[in-house]
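Letters go in sequence order (proteins before strands), and every chain restarts at 1. Everything numeric here is computed off the predicted structure, so don't read it as measured data.
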Amino acid sequence: MLDIALFRDAPERIRADHDRRGLPHDAIDEVIRLDGAWRDLLKATDVLRAERNQAARAIGAAKKAGDQEEMQRVLAEVASIGERITSMEKEVDEALAARDAVRMSIPNLLHEAVPSGADESGNTVHSVHGEKPTFSFEPRTHNDLIEMNRWVDLERAAKVAGSRFYYLKGDLARMEMALSAYAVDFLCERGYTFVQPPVMMNRTAYEGVTDLGDFETVMYGIEPDGYYMTATSEHPLTAMYMGETVPEEHLPLRLVGVSDCFRREVGAHGQSDRGIWRVHQFRKVEQIVISDAEGSWDLHEELLQNCIDLWDALGLHYEVVNICTGDMGTVASRKYDLEAWLPGAKAYKEVVSCSNCTDYQANRLQIRTGVPGHANQPIAHTLNSTAVATSRALVAIMEQNQLEDGRVRVPDVLQPYMGGQGVLESCAF
RNA sequence: GCGUGGAUCGCAUAGCCAGGUAGUGCGCCGGCCUUGAAAGCCGGUGUCGAACGACUCGGGGGUUCGAAUCCCUCUCCACGCGCCA
């Protein structure tokens, strides 16, 4: 959510941003109009309340003085004012909610380096890493590999849970744990603090970190308790400091979280999404940074560099993509994706997303930086980046490291986490 | 799950029983004083607002002319009991 002061003092900055995105200005004008209406209503209500407060004080004074007559006179005078205030207050609340409903739909201001483009075809390649692997045989898709090795049981998961769930079995399940542990260790060595967050959040906290539409299409709701399963540890980790001032001596706050992620994936269908590429539950190691405004762009580059070093260490071939205006979404000001090469699918596909949300999330969450206790503390900046989403990283490793017989070579850096095992063997059942 | 006690300004605390301008200490900011600092003294120190003013005592609702204070409800915390990996 953008600072309301931008709408009042510098709406031309928001308009210029909408021009880059190819969006009309209607919503901006609507916010400005609704803000004016809210402020007028609030002012009128304040006048009424001032009247009531004055009367209440007069009654108190008359009572103390023992002047029954004066007390009764003032009482009669303000008899109906309470009801009027109550109904005005309701209007004020509605006016503010109406303003913010539209304000919430307005996306973050884009960084100037974001390339222009209408959709994902406008994304530009930032850099290419590793060598495209070559095979002396026709490489299989991960779907073939998990099936022939019995590493994933989709049918029984569908029986027990539903479609897009899976049992991860044997050596592949073991490598999943190795990946998580390796990525966490990797970031801890770089000064990130390991945090295991709750995987359910309440509605208030969740509204601070995501689009309202996500409640319909992404998150699972837990009734009767009113919790939501987290779609990524970005959400509980970013909301962690909601309503607080992070002391400047702790900045930037570098966190590495690991959690299972739960996504409804409403509307997602298709052959390309078979297997474990797009599923309702997967584990993800996530980088989160809370910083001040000055440091956030350097930290965005740091997050990307961590991903590059981590994925290089896994020995995989991938591209870093600079996301364009038309593919950006609401919250990020700038975003890089890592797209790994899948030899079986013969395509680069998204495995990492690295965003600087600037003050857009922190504004809604009211996360500030500075010295606690001071007035008007600046709003923090929040950044997030995948380190590894293990289900997708497993797909990339399986397809790039596959052997002719269908087994898979374990990346060197993961072998110490698997008792020195060098190759994934198939499951007996 | 049951019971008891709590939640007040950045922190700590008073006010609640008995409704009538949210007080005090610490911290922080500014001023006086000083070569400079400390101490001391004075003022300020939540939100909206140009200002008058309004709002703010965990959240929501109610009673009342008026609620931190009374009533209802929810959340969280502490302690005890019960249950439990």
As its Watson-Crick or G-U partner within any shown strand, both distances under 3.5 Å, B:C2 has B:G80
Under 3.5 Å, is there a donor-acceptor pair between the side chain of A:Asn356 and the main chain of A:Leu383? no
Query - B:G27 versus B:C76 - spacing of their C1' atoms, nearest Å - result: 27 Å
Gap in Å between the two P atoms, one belonging to B:G82 and one to B:A14, rounded = 32 Å
To the nearest angstrom, the CD-P distance between A:Glu89 and B:C55 comes to 8 Å
With the side chain defined as heavy atoms from C-beta on, A:Lys43 is closest, among B:A50, B:A54, B:C65, to B:A50
Base, sugar-phosphate, or nothing: which does A:Asn202 touch, judged by heavy atoms less than 4.0 Å apart?
nothing
- Item | Nearest-Å distance once atom P is located in both B:U75 and B:G60 | 15 Å
For the pair A:Tyr220 and A:Tyr228, evaluate ring pair (Phe, Tyr, Trp, His ring centres under 6.0 Å) and give the outcome as yes or no after the intermediate values.
CA-CA 6 Å; A:Tyr220 286 101; A:Tyr228 292 87; over 10 Å; no
* **Distance-only polar pair, side chains of A:Tyr336 and A:Glu301, donor-acceptor under 3.5 Å** => yes
In whole angstroms, the gap separating C1' of B:C65 from CG of A:Asn53 amounts to 11 Å
Q: Give a yes or no on whether the backbone of A:Thr210 and the side-chain of A:Asp214 come within a donor-acceptor separation of less than 3.5 Å.
A: no
With rounding to the closest Å, how many angstrom separate the P atoms on B:G23 and B:U56? 16 Å
Whole-Å distance, A:Glu248 CD to B:G10 C1', equals 14 Å
Tell me what A:Ala50 touches on the nucleic acid: a base, only sugar-phosphate, or nothing, going by heavy atoms under 4.0 Å. sugar-phosphate
When rounded to whole Å, the CD to P distance for the pair A:Glu70 and B:G20 reads 21 Å
query: Between A:Arg8 and B:G49, is there a side-chain N or O to OP1/OP2 distance below 4.0 Å?
result: yes
Nearest-angstrom distance, P atom, B:G15 to B:G31: 37 Å
Taking for A:Thr45 and for A:Ala56 the nucleotide of RNA chain B with the nearest heavy atom, the one nearer the 5' end belongs to A:Ala56
Salt bridge (charged side-chain N to carboxylate O under 4.0 Å, His left out) filter on A:Arg264, not counting sequence neighbours, yields none
Whole-angstrom distance between B:A78 and B:U24, as gauged at atom C1'
26 Å
Taken to the nearest whole Å, CD/A:Gln54 to C1'/B:C55 is 17 Å
**Study point:** Aromatic ring proximity A:Tyr206/A:His235, centre distance under 6.0 Å
**Key:** yes
| message | Using a 4.0 Å heavy-atom cut-off, does A:Arg73 contact any base of the nucleic acid, only the sugar-phosphate backbone, or nothing at all? | response | nothing
In Watson-Crick or G-U wobble terms, with both distances under 3.5 Å, the base opposite B:U63 is none
Note: for A:Tyr227 and A:Trp38 on RNA chain B, the residue whose nearest nucleotide lies more 5' is A:Trp38
Answer for the Watson-Crick or wobble partner of B:C16, both distances under 3.5 Å, is none
Handout entry: Same-atom distance (P) from B:G10 to B:C65, integer angstrom
Key = 33 Å
Across every strand shown, the nucleotide meeting Watson-Crick or G-U wobble geometry with B:U45 (both distances under 3.5 Å) is B:G27
Picking from B:A51, B:C65, B:A54, the nucleotide nearest the side-chain atoms of A:Ile59 would be B:C65
note: A:Arg203, atom CZ; B:G60, atom P; distance rounded to Å ~ 18 Å
Using atom P in both nucleotides, what's the gap between B:C70 and B:C2 to the nearest angstrom? 24 Å
When rounded to whole Å, the CD to P distance for the pair A:Gln366 and B:C48 reads 9 Å
- Item | Lys/Arg N to Asp/Glu carboxylate O, A:Glu350 vs A:Arg392, below 4.0 Å | no
Partner of B:G40 under the Watson-Crick or G-U wobble criteria, both distances under 3.5 Å, comes out as B:C32
From NZ of A:Lys90 across to P of B:G61 the rounded distance in Å is 9 Å
Mate of B:A7 across any strand shown (Watson-Crick or G-U wobble, both atom pairs under 3.5 Å) is B:U75
Inset, instruction - Check whether any side-chain N or O of A:Arg52 sits under 4.0 Å from OP1 or OP2 of B:C55, and answer yes or no. - result: yes
